[in-house]
Peer 1: 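Input: one structure, supplied below.
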Amino acid sequence: MTITAIGKIEKKGFGFGVWALVSEEGKTYELQSPPPELCQPQAKVKIKGTIQEGVMTLAMIGPVLAIASYEIIS
Amino acid sequence: MKKLLFVVLFLVGIWFTVSYFIETKGLANKGNFDSIIINFENDLPTENISQELAIVSQSAKQEPSLNSIFSIDQHLYTVKGDKSLLHKLRTSSIKKYTEYIEPNYIYKTLETANDPDYSKQWNFRSINVEKAWDNNHGEGITVAVIDTGVSRVPDLRDTDFVEGYDFVNDRIDASDDNGHGTHVAGTIAQSTNNNYGVAGIAYRAKIMPLKVLSAGGGGTVADIAEAIRFAADHGASVVNLSLGGGGESTVLKDAIDYAYSKGVAIVAAAGNENQNSASYPGRYPKVISVAALDATGNKAPYSNFGAGVDISAPGGSEQGKEGKILQETLDPATRKPVLIGFQGTSMAAPHVAGTVALIQSSQLQVAKQEMAKNPKTKIKAEDLKATDVSSPAEVLDILKQSSRKVQDDSFNYYGAGQLNAGEAVTLAVQGKLSFKDFFRWLRDNGYLNPIFWFDGGAIAVLPKILMIVGSYLLAFLLRVYVPLQWGAPLNWGLIFGSSGLFFLQGFYIFDLPQWPFRIMGSSFPELGNSFQGSHLLNPFFASVLIPLGFLLLLLGNRSGKSFAVGITLGVASYLIVSAIFNPDLWLLGAGTVSQVFLGVNALLCIFLAWLATKGEQRLV
């Protein structure tokens with residue numbers, strides 16, 4: 001499933017920490033192998049990607065998002 | 001007749017309370033002893049003491065001795081002996097010369113750990129692990145840790161490992177490149193009493209490292225399914241899955257069914273989304289799904305809850321000082337060992353997996369001892385495996401029965417309760433669960449204790465029954481003065497007004513929110529608080545207002561009116577029972593004000609029912 005979501009980038013404190021997109025609607029997506037720019041807090045980004053149904057993680061914070069493209073808005 | 005019934009109920013209550021006290025607080029059924037104390041009366045002449053000691057020597061076939069040099073004046077003697085000698089002495093002629101004859105109980109401290117940072121492991125004390133260590137430490141059990149791999153950090157060097165597999169890189173070496181799996185393995189079996197670091201729960205169990213998650217912390221369901229099958233085929237009797245997410249998967253479900261059928265207990269984290277249902281794989285019915293508690297024993301803020309949650313265990317929280325779960329792991333950035341606190345349902349699951357290892361070890365030990373007694377089965381005893389004597393269903397039963405119940409858990413934050421490893425092992429040692437065990441469990445959890453029923457702290461079945469019986473009693477009393485239309489509308493009115501279909505409140509169905517069941521399972525006076533899952537009654541709902549509304553709306557219709565009268569009497573009964581047992585109202589608090597409010601509204605309801613049916617009488 002492909003989605004486009006806008007929100008902020010946050011580090012979630014599970015294990016040594018994972019990077020997540022918290023959308024404006026309040027949904028949390030765990031970012032799969034994020035690029036360095038998305039491995040730091042960002043106020044507003046737009047990410048296009050696909051939800052990985054067959055992937056499980058240690059963080060368990062929400063659907064896993066494989067990033068196809070992204071844009072730092074602010 | 002009524003008086004007699006109350007007297008019988010009172011006596012039964014007293015009996016349960018006293019027997020509960022004796023069983024749990026008294027020493028008579030608890031302590032071990034191998035000697036007996038004889039305390040002669042202080043003013044007894046020395047020659048009499050000598051005579052009596054000679055009698056004791058005859059019975060015990062040995063000389064009694066003074067307990068210490070300080071016992072001379074006290075006339076305090078001890079003699080080796082057991083229960084039968086104790087009975088013999090207590091019924092002999094020396095009894096009348098003594099102040100008491102009693103067992104010389106042996107007291108011992110519970111086993112603790114010498115690991116220097118053990119004192120920081122609040123989580124181990126909260127699951128009562130030291131009591132469990134009194135019985136075993138997980139000997140003979142293999143726990144599969146399906147995770148990011150496990151590396152042998154210094155505090156895992158004394159822990160036994162069996163060969164695992166790295167399903168991410170397809171190789172036998174399943175070392176950790178993330179740090180999560182090593183931390184999880186630490187909670188289960190960190191090397192303990194090694195004067196280093198921290199402790200593990202089942203530290204004599206063997207760890208089977210199975211790597212399915214990459215350094216980034218993600219992995220495929222295909223790899224996870226294969227790892228579960230690998231664990232079941234290579235001697236693991238417990239599997240820990242501190243991972244989750246994604247959707248339902250046939251390949252994973254089949255692997256879980258396979259392992260379950262081979263006697264393997266599968267434990268998984270409930271997930272960290274703070275949502276009302278466990279994540280997969282914790283959500284599968286054959287998986288023991290674990291929610292997380294913080295250091296105060298409350299639900300951790302991130303923990304999933306509701307559907308699928310079987311039990312709760314410490315998962316820690318970053319809120320509060322030293323509130324996380326401390327174990328040694330590998331820092332992936334420096335590749336060096338580090339003692340670090342983590343939080344998550346990932347940390348809660350291994351507390352349960354470790355406890356399952358302790359349960360299975362007890363079961364194995366008991367079964368081996370039983371087999372060793374019989375010369376025909378003695379040889380086979382050594383080959384016995386945990387999966388031969390323990391089933392996952394039985395393990396789950398033990399975990400649930402031994403857990404600390406949390407009253408008023410409307411959202412199922414805690415499953416059956418909070419993990420209690422000490423009680424779980426005690427229950428497992430007792431062997432198969434009999435009716436007696438069930439009875440003991442009922443009693444130990446207070447279900448047979450009158451306080452449970454009358455302190456109003458729990459949503460109990462008895463008040464509900466009182467409410468419904470009370471509503472029928474009111475209807476029965478009122479029938480003398482006014483004609484009631486007995487039939488389905490009145491009956492449903494009485495039920496919905498008093499108790500509601502309260503059994504529905506315990507229903508959980510995957511993916512569905514639980515609040516519709518709470519609403520359907522509530523009586524009308526409870527509707528104001530059941531949506532929020534609060535136990536505080538809403539004074540607008542728990543009043544005469546709802547019955548008044550129904551009567552005004554349905555007065556013109558014969559069946560409708562009957563239904564409304566039923567509701568009015570039902571609500572009256574509900575309010576009376578609440579006023580007596582649980583007068584706790586939102587805005588008004590718990591106390592006399594609420595009691596008066598509920599009482600007055602109950603009287604208004606009865607008056608309203610009388611008024612409504614009086615009108616009908618005039619019409620007829």
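The chains referred to below are lettered A, B, ... by the order of the sequence lines, with proteins before strands, and numbering in each begins at 1.
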Peer 1: Going through the checks in order, is the ring-ring contact (aromatic ring centres under 6.0 Å, His included) test met by B/Phe342 and A/Phe16?
Peer 2: CA-CA 8 Å; B/Phe342 278 178; A/Phe16 279 98; 5.0 Å; yes
Peer 1: So what's closer than 4.5 Å to chain A heavy atoms on B/Asn178: side chain, backbone, both or neither?
Peer 2: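 For B/Asn178, backbone and side chain are both near chain A.
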Peer 1: Highest number of heavy-atom pairs under 4.5 Å with chain A: which of B/Ser249, B/Ala270, B/Pro332, B/Ala333?
Peer 2: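 The residue among B/Ser249, B/Ala270, B/Pro332, B/Ala333 with the greatest pair count is B/Pro332.
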Peer 1: If you apply the rule side-chain contact (heavy atoms from CB on, under 4.5 Å), what do you find for B/Asn304 with B/Asn272, and how did you get there?
Peer 2: CA-CA 6 Å; B/Asn304 287 351; B/Asn272 303 324; 5.9 Å; no
Peer 1: Between B/Tyr260 and B/Tyr258, is the gap from one ring center to the other below 6.0 Å?
Peer 2: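 Ring centroids of B/Tyr260 and B/Tyr258 are no less than 6.0 Å from each other.
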Peer 1: What part of B/His180 is in contact with chain A, defined as an atom under 4.5 angstrom from a non-hydrogen atom: side chain, backbone, both or neither?
Peer 2: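 When you check distances to chain A, only side chain atoms of B/His180 fall under 4.5 Å.
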Peer 1: What are the two closest heavy atoms between A/Tyr29 and A/Ile51, and how far apart are they?
Peer 2: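 A/Tyr29 and A/Ile51 have their closest heavy atoms at CE2-CD1, 3.6 Å.
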Peer 1: So, do B/Lys286 and B/Ile266 sit near enough that their side-chain heavy atoms are less than 4.5 Å apart?
Peer 2: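 No, their side chains stay 4.5 Å or more apart.
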Peer 1: With respect to chain A, which residue among B/Ala269, B/Gly219, B/Gly245, B/Gly341 yields the maximal number of heavy-atom pairs within a distance under 4.5 Å?
Peer 2: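 It is B/Gly219.
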Peer 1: Is there any residue in residues 56-74 of chain A with a non-hydrogen atom under 4.5 Å from a non-hydrogen atom of chain B, and which ones are they?
Peer 2: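 Counting heavy atoms that sit under 4.5 Å from chain B, the residues of residues 56-74 of chain A involved are A/Met56, A/Thr57, A/Leu58, A/Ala59, A/Met60, A/Ile61, A/Gly62.
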Peer 1: Test B/Lys211 against every option in B/Asp177, B/Asp166, B/Asp223 by the salt bridge (Lys or Arg N to Asp or Glu O under 4.0 Å) rule and name the one that passes.
Peer 2: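 The passing option is B/Asp177.
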Peer 1: Checking heavy atoms, do the side chain of B/Leu241, its backbone, both or neither come under 4.5 Å from chain A?
Peer 2: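 Nothing of B/Leu241, per the 4.5 Å heavy-atom cut-off to chain A.
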Peer 1: Just give me the residue among B/Gly216, B/Ala222, B/Gly271 that pairs up with chain A most often, heavy atom to heavy atom, under 4.5 Å.
Peer 2: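 Option with the top pair count is B/Gly271.
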Peer 1: Is the B/Phe305 to B/Tyr414 ring centre distance short of 6.0 Å?
Peer 2: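 No, the ring of B/Phe305 stays outside the 6.0 Å limit from the ring of B/Tyr414, centre to centre.
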Peer 1: Set out, in order, the CA-CA distance, both residues' side-chain angles and the distance that settles side-chain hydrogen bond (donor to acceptor under 3.5 Å, both in side chains) for B/Asp176 and B/Thr148, then state yes or no.
Peer 2: CA-CA 6 Å; B/Asp176 192 0; B/Thr148 56; 2.8 Å; yes
Peer 1: Are B/Lys299 and B/Tyr413 in a cation-pi setup, meaning NZ or CZ lies under 6.0 angstrom from the ring centre and within 45 degrees of the ring axis?
Peer 2: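 Positive - B/Lys299 is close enough to the ring of B/Tyr413 and near enough to its axis.
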Peer 1: Show the numbers, then the answer: is there a salt bridge (charged side-chain N to carboxylate O under 4.0 Å, His left out) between A/Glu10 and A/Lys12?
Peer 2: CA-CA 6 Å; A/Glu10 277 181 12; A/Lys12 298 284 182 185; 3.1 Å; yes
Peer 1: Pick one of side chain, backbone, both or neither for B/Asp331, based on which atoms fall under 4.5 Å of a heavy atom in chain A.
Peer 2: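 Both parts, heavy atoms under 4.5 Å.
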Peer 1: Picking from B/Gly218, B/Ser279, B/Gly244, which has the most non-hydrogen pairs under 4.5 angstrom with chain A?
Peer 2: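 Option with the top pair count is B/Gly244.
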Peer 1: Which atoms of B/Thr329 are under 4.5 Å from chain A, going by heavy atoms: the side chain, the backbone, both sets, or neither?
Peer 2: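 Contact with chain A: side chain only.
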